[in-house]
Number of protein chains: 2
Amino acid sequence: MSKLPSLKNLSYLLALHQHQNFNRAATACNVSQSTLSSGIQNLEEQLGCQLIERDHKSFLFTGMGEEVVEQARRILTSTEELLYFAQSQGKTMEGPLRIGCIPTIAPFLLGDLSKKLQRDYPNLQLNIREDTTTNLLHLLRNGELDVLVLALPIDIQGNQSYVLGRDPFKLVMHKTLAEKLEEPVQYNKLPDNSIFLLEKEHCLTGHAVAACELADSSKINPFTATSLHSLVQMADAGLGATFLPQMAIDRGILNGTDLVALKPTGKEASRDIGLVYRPTTNRRQTFRRFAEVVAQLLPEPLLE
Amino acid sequence: MSKLPSLKNLSYLLALHQHQNFNRAATACNVSQSTLSSGIQNLEEQLGCQLIERDHKSFLFTGMGEEVVEQARRILTSTEELLYFAQSQGKTMEGPLRIGCIPTIAPFLLGDLSKKLQRDYPNLQLNIREDTTTNLLHLLRNGELDVLVLALPIDIQGNQSYVLGRDPFKLVMHKTLAEKLEEPVQYNKLPDNSIFLLEKEHCLTGHAVAACELADSSKINPFTATSLHSLVQMADAGLGATFLPQMAIDRGILNGTDLVALKPTGKEASRDIGLVYRPTTNRRQTFRRFAEVVAQLLPEPLLE
DNA sequence: TCGTTTAATTAGTATTTTCGATTATGATAA
DNA sequence: TTATCATAATCGAAAATACTAATTAAACGA
């Protein structure tokens, strides 16, 4: 069996991929350009295939090169995790914690969360990324994030997860519109096209439609918003109603508006908030503790 | 950030864990005992924690040492996979393929399968392990196997899977017992304690009970068998009936007996045969092609 | 007590890695 | 056109490291 590529050379490859320039990559690695250059050549020789195409002056990663980069990133991440795990003697709630969170949770959770975590666990270094579910899962897979706070259920693609709590949906509309309605609101009392939702990239939309038994799509306005705040503004302008998560309402998203929140139809009109992490992690203890802290900030904590 | 541990030292640690002896481990690594010894010490220093307890003469892995071994095994496996992937230029159906298979599938599949694979893909080196579902999943996780052929549904623990085909259950009994029965067999026509099953370690048992709607446990004999062949012998001796997968019957497990196979109750009286692999694999193409070959050998192939 | 087996240690050697300087190539500006 | 700049590859010397053989020290069994 031929010799394994060295982690050092793999990290050179990653740096080169990131900086797309030998000198800058070398600087980032704290080595000379020649070291990095020969490291890459070495790697290509060991792997027996071309990773980058050199066309004098510049270069380009080959398809294989890109694949190797992906794989190498995972290997290096695992090794870094091993190192950190051992160095911290497996202690919980220490070291960097890279959290991914979706846009319909992040603004209503992370403020209080990071305040609390920084107070109670000063050795925990938080690093937060807000993005769509799909992108976050990709970053998790590649080891660029440690743990995700998402709305479930979703396809977690080979990761592990558990539910932290429930976040009820409320039907939000201008108070003048709400006057003649009683809870739970029957959607057929609403005019057609009067319910506004987020773009379908946001899982909130799907979850709300499912949980609130909003089968009658004629009530849904085809115009979609890009954020909860624009939904609020549209509703406040009297254009119609919308669904908002209780979390957002609790953090005052309706303050200064003339909107009221009503209970919608659907006996489980809520979304689940859950934690997702790689099955190969060695930080389950930390994630568990983290989960408990997050759960305390949810409208309906649900953690055995 | 401190320096990453080297793959070499990690492999020394794995060898030591495997051989539990510095000399033998060193020999296995093709290095001298002193090299391995200092490699381990080096590693302990880098990781900043004790991995093995030395009590003069002998040694013992610490808890942390065991954890590090687990993690290191994954890292090395990934790196080996990367190496092989690159060296084979990502070609499919080449190189070693380490297959795990359960005892109620293996004997009726692997003969034909390996013959076929060796003929069509001479560059594929098969390596087959037969064990229980639980053990196979553990070996898969640790990178000691590449792909599993199992009966689904089961908890695949963060792995990925798909179904290859269906394998119907048949109720097998002595022909004299079968004379007065009609298909599908109503279990209440059978005497109490007359159905023999495998030990509960075999998932076949659970699958059969569920799929064949065998709720009435008074029919099940508490004595359990350890292999399908002993079930056959017990049934042939007239002790009672049993469930066998169609695969086994097709490969002639009833030859030379006075047993007949009847259709049992249950509108989906069958188990699914599926493939399981790590989500981080880079050999999906190979697994897919492999799956197609396996599917062709199943009673009811089911692969889109 | 002596010989055996074990892992750690030591000192010398071999190998690998790294750097700085240099070269070669193309792009850009004068 | 020529000079200048930026890029990546190459080369030889220096530094760091990995490795070995021989030795030590401790434990065990005959």
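Quick note on labels: first sequence line is chain A, next is B, and so on, each numbered from 1.
Direction of the helix axis in the helix from C:dT1-D:dA30 to C:dA30-D:dT1 shifts by 10° between the two five-pair termini, rounded to 10°.
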Can you give me the N/O atom pairs linking the protein to nucleotides 19-24 of chain D at distances under 3.5 Å, or say none if there are none?
unit_1, atom_1, unit_2, atom_2, d
D:dC19, OP1, B:Lys8, NZ, 3.3
D:dC19, OP1, B:Tyr12, OH, 3.3
D:dC19, OP2, B:Tyr12, OH, 3.2
D:dT20, OP2, B:Ser32, N, 2.5
D:dT20, OP2, B:Ser32, OG, 3.1
D:dT20, OP2, B:Thr35, OG1, 2.8
D:dA21, N6, B:Ser34, OG, 3.1

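Judged as a ring-ring contact (aromatic ring centres under 6.0 Å, His included), and not counting sequence neighbours, A:Tyr121 has no contacts. With sequence neighbours left out, A:Glu201 forms a side-chain contact (heavy atoms from CB on, under 4.5 Å) with A:Glu199. The side-chain hydrogen bond (donor to acceptor under 3.5 Å, both in side chains) check on A:Ser114 picks up nothing, with sequence neighbours excluded. Applying the side-chain hydrogen bond (donor to acceptor under 3.5 Å, both in side chains) test to B:Ser227 and every residue at least two apart in sequence or in another chain returns B:Ser230.
Sorted by first and then second residue, the ring pair (Phe, Tyr, Trp, His ring centres under 6.0 Å) pairs involving residues 66-89 of chain A (not counting sequence neighbours) form an empty list. Applying the salt bridge (charged side-chain N to carboxylate O under 4.0 Å, His left out) rule to pairs touching residues 30-52 of chain A yields A:Glu44-A:Arg54, sequence neighbours excluded.
For A:Phe59, the side-chain atoms get nearest to D:dA8 when compared with the rest of D:dT7, D:dA8, C:dT9. Of the listed nucleotides (C:dT6, D:dA9, C:dT9), D:dA9 has the atom at the smallest distance from the side chain of A:Phe22.
If you take NZ of A:Lys3 and C1' of D:dA18, they are 11 Å apart, rounded to a whole angstrom. The separation between B:Leu13 atom CG and C:dA7 atom P is 14 Å, rounded to whole Å. Rounding to whole angstrom units, CZ of residue B:Arg24 and C1' of C:dT5 are separated by 11 Å. Protein atom CG of A:Asn23 is 16 Å distant from nucleotide atom P of D:dC5, rounded to whole Å. Between the C1' atom of C:dA7 and the CD atom of B:Gln50 lies a distance of 14 Å, rounded to the nearest Å.
Looking only at side-chain heavy atoms (C-beta outward), A:Thr224 and A:Leu198 stay at 4.5 Å or farther from each other.
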With a 3.5 Å cut-off and sequence neighbours excluded, list the donor-acceptor pairs that the side chains of residues 131-139 of chain A form with protein atoms.
unit_1, atom_1, unit_2, atom_2, d
A:Asp131, OD1, A:Asn135, ND2, 2.9
A:Asp131, OD2, A:Arg129, NH2, 3.3
A:Thr132, OG1, A:Asn135, N, 3.4
A:Thr132, OG1, A:Asn135, ND2, 3.2

Would you give me the side-chain donor-acceptor pairs under 3.5 Å for residues 67-76 of chain A, sequence neighbours excluded?
unit_1, atom_1, unit_2, atom_2, d
A:Arg74, NH1, B:Thr280, O, 3.4

Could you list the donor-acceptor pairs under 3.5 angstrom formed by side chains in residues 95-103 of chain B, with sequence neighbours left out?
unit_1, atom_1, unit_2, atom_2, d
B:Arg98, NE, B:Asp146, OD1, 3.4
B:Arg98, NE, B:Asp146, OD2, 3.2
B:Arg98, NH1, B:Gly143, O, 3.2
B:Arg98, NH2, B:Gly143, O, 3.1
B:Arg98, NH2, B:Asp146, OD1, 2.8

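Aromatic ring orientation, A:Tyr277 versus A:Phe287: tilted (interplanar angle from 30° to 60°).
Within residues 40-48 of chain A, the residues approaching DNA chain D are A:Gln41, by heavy-atom distance under 4.0 Å.
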